[in-house]
J.: 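Questions regarding the structure given below will be posed in turn.
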Amino acid sequence: LSEGRITGPEIDEKKSIDVHYYAIASKATLLKPAELPVPADKFEEKFGLSWQAALDSGKVYNAMDACEYLGVDAEGLDAIWGATKKSGNM
């Protein structure tokens, strides 16, 4: 055990936060959507599309892939999510 400084890029590269918060991070960033336990009936009720159809069409992403697809970082994704959630237009 030692003390020192770790840079942001080092934290990203080693996925230090993901490892530390694995239970949450695994669902948001590490697992692909097809690996998540999504209640299919509730998903379809909310979005009018079956979970399998959403998977097959490539319309669902984990947080890391969504950042890449949208060209944003975690803060950008959080801002988009906040605005979307507030509007109710999901």
J.: Any link between Ile11 and Met64 through a network of hydrophobic side chains (Ile, Leu, Val, Met, Phe, Trp, Tyr) touching at under 4.5 Å?
T.: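 No; tracing contacts between hydrophobic side chains, which count when under 4.5 Å, never links both residues.
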J.: What pair of heavy atoms forms the shortest contact from Leu70 to Ile80, and how long is it?
T.: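 Smallest heavy-atom distance, with atoms named: CD1-CD1, 4.0 Å.
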J.: Report yes if the side chains of Asn62 and Glu35 come closer than 4.5 Å at any heavy-atom pair, otherwise no.
T.: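 No; the side chains remain at least 4.5 Å from each other.
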J.: Is there side-chain contact between Leu30 and Lys15, with at least one heavy-atom pair below 4.5 Å?
T.: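 Yes, close enough: below the 4.5 Å cut-off.
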J.: Is atom CD of Glu68 surrounded by more than 12 heavy atoms (other residues, nucleotides or ligands) closer than 6.0 Å?
T.: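 Incorrect, the count does not exceed 12.
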J.: Measure the spacing between CG of Asp12 and CD1 of Ile6 and express it to the nearest 0.5 Å.
T.: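 Atom-to-atom, Asp12:CG and Ile6:CD1 are 12.0 Å apart.
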J.: For the atom pair OG (Ser50) and CD (Glu45), what is the distance rounded to the nearest 0.5 Å?
T.: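 Answer for the OG-CD pair, Ser50 versus Glu45, is 14.0 Å.
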J.: Determine, using the 4.5 Å side-chain heavy-atom cutoff (strictly less than), whether Leu49 and Trp51 are members of one ILVMFWY cluster.
T.: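 Per the 4.5 Å side-chain linkage, Leu49 and Trp51 are not co-clustered.
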J.: Are Leu31 and Val38 connected in a single hydrophobic cluster, I mean Ile/Leu/Val/Met/Phe/Trp/Tyr linked by side-chain heavy atoms less than 4.5 Å apart?
T.: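 In one cluster: yes.
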J.: Starting from Leu77, can I reach Leu36 by hopping between I/L/V/M/F/W/Y residues whose side chains sit under 4.5 Å apart?
T.: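 They do not share one cluster, since no chain of ILVMFWY contacts under 4.5 Å joins Leu36 to Leu77.
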J.: Which word best sums up how the rings of Tyr69 and Tyr61 line up, parallel for under 30°, tilted for 30 to 60°, or perpendicular for over 60°?
T.: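 Plane angle under 30°, so parallel.
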J.: Compare all side-chain heavy atoms of Leu55 with those of Val60 and state whether any distance is below 4.5 angstrom.
T.: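 Sidechains of Val60 and Leu55: in contact.
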